[in-house]
Amino acid sequence: MDSRKNDQAVASMIANQMNTEIGKYAAVVETAALQESVISLDYTQAEPYLHKLMEQQEKDVWSHFLITNQYGTEQVHTEGKEGHGYSIAQEDTFQQPWKTKKTYVSEPQISVSTGRAVLGIGTPIFRDGKEVGVLIGFLRLEAVSDILNNKVTDHSYAFMTNSDGTISAHPKAEIVLKKKFHDNAEIASKMKEGKKGSTVYGKYLYSYYPLGIHNMEICVVSPVKEAFHVMYGILYVALVGIVISCMAGIFGTILLSRRVNGLVNWIVSQMLRLASGDTQIERGKSVSYEKTKEVHELYNAVNSLADALKQILESLGTNATELESTVKEVSNHIHESNQKIDQISEHVNQFASGIEEVTEAADNLKKRSEKNLEFASAIAAYAGEGNDYTTEMKSKAQNYKDQVQQGQKQALQILTQIRDRLLSSMEESKKTNQINDLTQEILEISENTNLLSLNASIEAARAGEAGKGFAVVAQEIRKLADNCGNTASKIQEVCEIVSKAVTHLNTDANALLAYLDSNILKDYDVFVDVAGNYYGDAAKISQMMLQFADHASKLKDSFANMDGKITQISATMDGNEDEITNIAENTNGVAGALHQIEKEITACNEVSVQLKEDLMCFQIGDNT
């Protein structure tokens with residue numbers, strides 16, 4: 001059992017030493033995060049500073065530094081620009097400091113950017129109280145694992161594991177971060193859980209202790225036979241230390257008691273003189289051990305006490321005389337105040353009764369103000385509704401005006417088209433006169449043809465038998481001429497009818513156009529004017545209602561403000577009524593208190609006389 005305790009103590013000591021080392025380097029990172037060059041997140045400023053910080057170490061303890069922005073993107077990297085822009089947003093060394101706003105120490109790992117075995121220390125960066133990024137310093141694993149190389153005995157060693165059992169420090173460098181501890185399943189399981197204890201496995205004693213970072217563990221392995229040598233060594237060192245401490249304590253106590261004894265005797269004698277009322281203590285006397293700071297201060301304190309007591313007594317004597325004189329003056333003033341306070345009390349009581357009447361009037365005014373406010377609110381509400389209605393009426397008037405103007409425009413277009421078509425038709429109707437001319441020409445041609453056919457018949461008759469065929473043709477031509485004449489006559493009759501109809505049509509069309517121009521279009525103009533007047537009237541009404549609504553709202557606000565002021569006045573009057581009542585009561589109380597003070601002043605006069613008599617018992621003079 002002693003061997004187990006000894007090895008656990010060694011494991012605990014190594015864990016504490018390693019924690020101290022890591023804490024020291026964490027402080028370096030936290031201090032660097034406060035520098036302006038780091039806070040700027042500008043690699044041109046931060047990288048030179050971080051390089052200089054790495055060079056200041058006595059040994060090569062830092063692998064590299066990097067700075068990320070709020071999104072986990074690297075802005076600064078001591079390995080150069082190749083590391084810029086790389087995202088570590090998913091890494092614990094960024095996420096934990098950013099979320100918790102505290103420094104975070106990671107478990108040992110292989111760096112992606114450098115390939116070195118490192119231990120990351122991340123801390124948030126703040127600018128003007130706002131978190132802007134994370135500074136991460138990667139400590140070389142060798143810088144802290146060297147602590148494990150101190151052997152407990154000749155055949156013992158210590159190693160370190162991560163939370164998952166991976167060996168993160170070991171005398172065999174080739175297995176670091178490449179192998180998990182699995183010598184014994186029970187020991188490995190307890191170490192993963194962050195527990196402490198000791199277990200004998202084979203010929204070796206495994207003593208493990210949590211490092212305090214995640215579930216990392218320090219394990220000391222030593223042969224069971226050599227464990228006793230460790231215990232004896234620790235006991236020997238402990239016994240020697242105890243003996244030396246005891247001897248030093250005894251010697252120091254004897255020496256101190258001898259040298260302090262003289263000072264204590266002097267302090268006792270001087271305190272007795274002060275207690276007897278004599279402030280003239282011995283000064284300038286050399287005492288032993290006076291060159292020691294604490295004793296010298298005590299010596300000076302006694303002298304200061306004597307001086308302070310003397311000043312107090314002298315001041316008490318002066319103040320006692322002044323107190324006696326002041327008490328007499330105060331007694332006279334209080335006697336005069338008693339008479340005045342009675343008058344004040346009477347006036348205050350009258351004022352209190354007047355305040356009650358004013359308070360009642362303020363309450364009535366408040367009730368009327370509340371009714372006025374309700375009336376003004378109703379007016380404002382009606383005005384708002386009227387404003388909405390007039391706005392809607394104005395919108396309808398505008399639509400009506402637009403529709404009338406659009407109808408006038410369309411009617412004008414239609415009338416223009418009708419006029420153009422009528423005028424075109426009337427021009428076309430004039431062509432019937434050309435038909436009469438043509439039919440007249442046809443009649444003339446028919447008459448000429450009849451004459452020709454008659455002449456041809458005569459000539460054919462003269463010709464005899466040879467002209468019979470020609471006579472037949474002449475006869476047919478005459479028939480054709482007669483038919484043409486009859487047809488032309490009928491055409492003339494029809495043309496005469498058509499001409500009369502066209503004449504009537506022209507007359508009616510002109511009358512229609514005149515009616516459209518003189519009535520329809522004028523009516524549309526009247527409609528447009530009416531619509532415009534309607535819109536103008538609606539706009540005026542809307543403007544009037546808007547102004548009325550505005551005035552009603554202002555009236556409501558005015559009444560509301562008035563009601564608030566009246567409420568404040570009423571509340572103030574209520575409060576003042578209570579205050580005035582309190583003042584009256586307090587005034588009466590002051591009158592009684594002054595009478596009591598007059599009695600107490602008389603008692604104070606007696607005390608001041610007694611104080612002067614008591615001070616005569618003290619010897620107050622120049623100290624020598």
Side-chain angles (χ1 to χ4, degrees), residues 4 7-30 61-63 88 90-97 99-100 102-112 116-123 134 136-152 156-199 201 204-222:
R4 291 171 183 253
D7 278 12
Q8 283 185 4
V10 173
S12 172
M13 179 187 68
I14 295 174
N16 291 333
Q17 187 177 357
M18 187 168 291
N19 263 319
T20 301
E21 284 293 305
I22 294 174
K24 179 179 69 176
Y25 296 124
V28 173
V29 177
E30 291 173 348
V61 298
W62 294 104
S63 169
I88 60 168
Q90 303 302 321
E91 300 292 335
D92 287 342
T93 48
F94 166 76
Q95 287 189 353
Q96 294 300 324
K99 291 179 180 178
T100 63
K102 296 180 181 179
T103 301
Y104 171 80
V105 179
S106 71
E107 297 184 4
Q109 58 185 331
I110 300 297
S111 171
V112 176
R116 306 186 189 108
V118 295
L119 185 145
I121 303 174
T123 191
V134 175
I136 306 173
F138 289 95
L139 195 66
R140 290 181 182 270
L141 187 58
E142 297 85 351
V144 291
S145 63
D146 287 344
I147 298 173
L148 302 177
N149 294 333
N150 298 325
K151 294 183 178 180
V152 182
S156 64
Y157 65 92
F159 67 92
M160 181 171 65
T161 61
N162 285 348
S163 300
D164 60 352
T166 301
I167 297 175
S168 51
H170 197 279
K172 295 181 180 179
E174 63 273 10
I175 67 173
V176 173
L177 297 178
K178 297 179 180 178
K179 182 180 178 182
K180 291 187 177 182
F181 173 74
H182 52 73
D183 292 357
N184 181 275
E186 180 185 358
I187 299 174
S189 176
K190 291 181 178 179
M191 290 175 66
K192 287 180 182 180
E193 295 174 0
K195 296 181 178 180
K196 64 178 180 179
S198 297
T199 302
Y201 177 66
Y204 292 92
L205 174 64
Y206 290 80
S207 298
Y208 42 91
Y209 194 88
L211 180 60
I213 301 175
H214 311 296
N215 281 342
M216 297 175 63
E217 291 273 337
I218 299 295
C219 184
V220 175
V221 183
S222 60

Spacing of OH belonging to Y157 relative to SG belonging to C219, to within rounding of 0.5 Å: 7.5 Å
Smallest heavy-atom separation, G120 atom then F138 atom, equals CA-CD2, 3.8 Å
Just distance, no hydrogens or angles: give the donor-acceptor pairs under 3.5 Å from side chains in residues 9-16, sequence neighbours left out.
residue: N16; atom: ND2; partner: S12; partner atom: O; Å: 3.2

With T103, which residues qualify under side chain to side chain contact (heavy atoms under 4.5 Å, CB included), at least two apart? A26, E30, I121, T123
How long is the straight-line distance from CE of M18 back to CG of L119, given to the nearest 0.5 Å? 9.5 Å
Got a sec, which residues hit side chain to side chain contact (heavy atoms under 4.5 Å, CB included) with E107, two or more places apart in sequence or on another chain? N162, S163, H214, M216
Are P97 and V134 side-chain neighbours, meaning at least one heavy-atom pair lies under 4.5 Å? yes
When every non-hydrogen atom of L205 is compared with those of S198, the smallest separation belongs to CD1-CB, 4.1 Å
Partners passing salt bridge (charged side-chain N to carboxylate O under 4.0 Å, His left out) against K195 (at least two apart in sequence or in another chain): E193
Rounded to the nearest 0.5 Å, how far apart are CG of L148 and CE of M160? 6.0 Å
Please walk me through it: do T166 and T161 pass side chain to side chain contact (heavy atoms under 4.5 Å, CB included)? CA-CA 5 Å; T166 301; T161 61; over 6 Å; no
Specify the closest pair of heavy atoms between L177 and P108, including all atoms of both residues, with the distance to one decimal. CD2-O, 3.7 Å
Any non-hydrogen side-chain atom of N19 less than 4.5 Å from a side-chain atom of I213? yes
Hey, could you give me the CD1/NE2 distance between I167 and H182, rounded to the nearest 0.5 Å? 7.5 Å
I need the full list of salt bridge (charged side-chain N to carboxylate O under 4.0 Å, His left out) pairs touching residues 156-174, with sequence neighbours left out, sorted by first then second residue. none
Apply side chain to side chain contact (heavy atoms under 4.5 Å, CB included) to V112 and I88, showing your working. CA-CA 10 Å; V112 176; I88 60 168; over 6 Å; no
Heavy-atom closest pair, residues S111 and V118: CB-CG2, 4.0 Å
Within the distance-only criterion (no hydrogens, no angle test), does the side chain of S222 pair as donor or acceptor with the backbone N or O of S156 below 3.5 angstrom? no
Taking the inter-plane angle between the rings of F181 and Y206 on a 0 to 90° scale, is it parallel (under 30°), tilted (30 to 60°) or perpendicular (over 60°)? tilted
Please check this pair: side chain of S189 against backbone of A185, looking for a donor-acceptor N/O pair closer than 3.5 Å. no
Residues pairing under salt bridge (charged side-chain N to carboxylate O under 4.0 Å, His left out) where one sits in residues 14-29, two or more places apart or in two chains, turn out to be E21-K24
Contacts of type side chain to side chain donor-acceptor pair (under 3.5 Å), residue S63, not counting sequence neighbours: R116
Between V29 and W62, is the side chain to side chain contact (heavy atoms under 4.5 Å, CB included) condition met? List the steps. CA-CA 11 Å; V29 177; W62 294 104; 3.6 Å; yes
Which residues satisfy the ring-ring contact (aromatic ring centres under 6.0 Å, His included) test with Y204, sequence neighbours excluded? none
Is there a donor-acceptor pair under 3.5 Å between the side chain of Y201 and the backbone N or O of D183? yes
Which residues share a salt bridge (charged side-chain N to carboxylate O under 4.0 Å, His left out) with K190, sequence neighbours left out: E186
Kindly write out the residues that satisfy side chain to side chain contact (heavy atoms under 4.5 Å, CB included) with K196, not counting sequence neighbours, or none if the list is empty. Y209, P210
Working to the nearest 0.5 angstrom, can you tell me the gap between D146 CG and R140 CZ? 12.0 Å
Listed by chain and number, what are the side chain to side chain contact (heavy atoms under 4.5 Å, CB included) partners of T199, not counting sequence neighbours? I187, Y208
Measuring from Q17:CD to I22:CD1, what's the distance to the nearest 0.5 Å? 11.0 Å
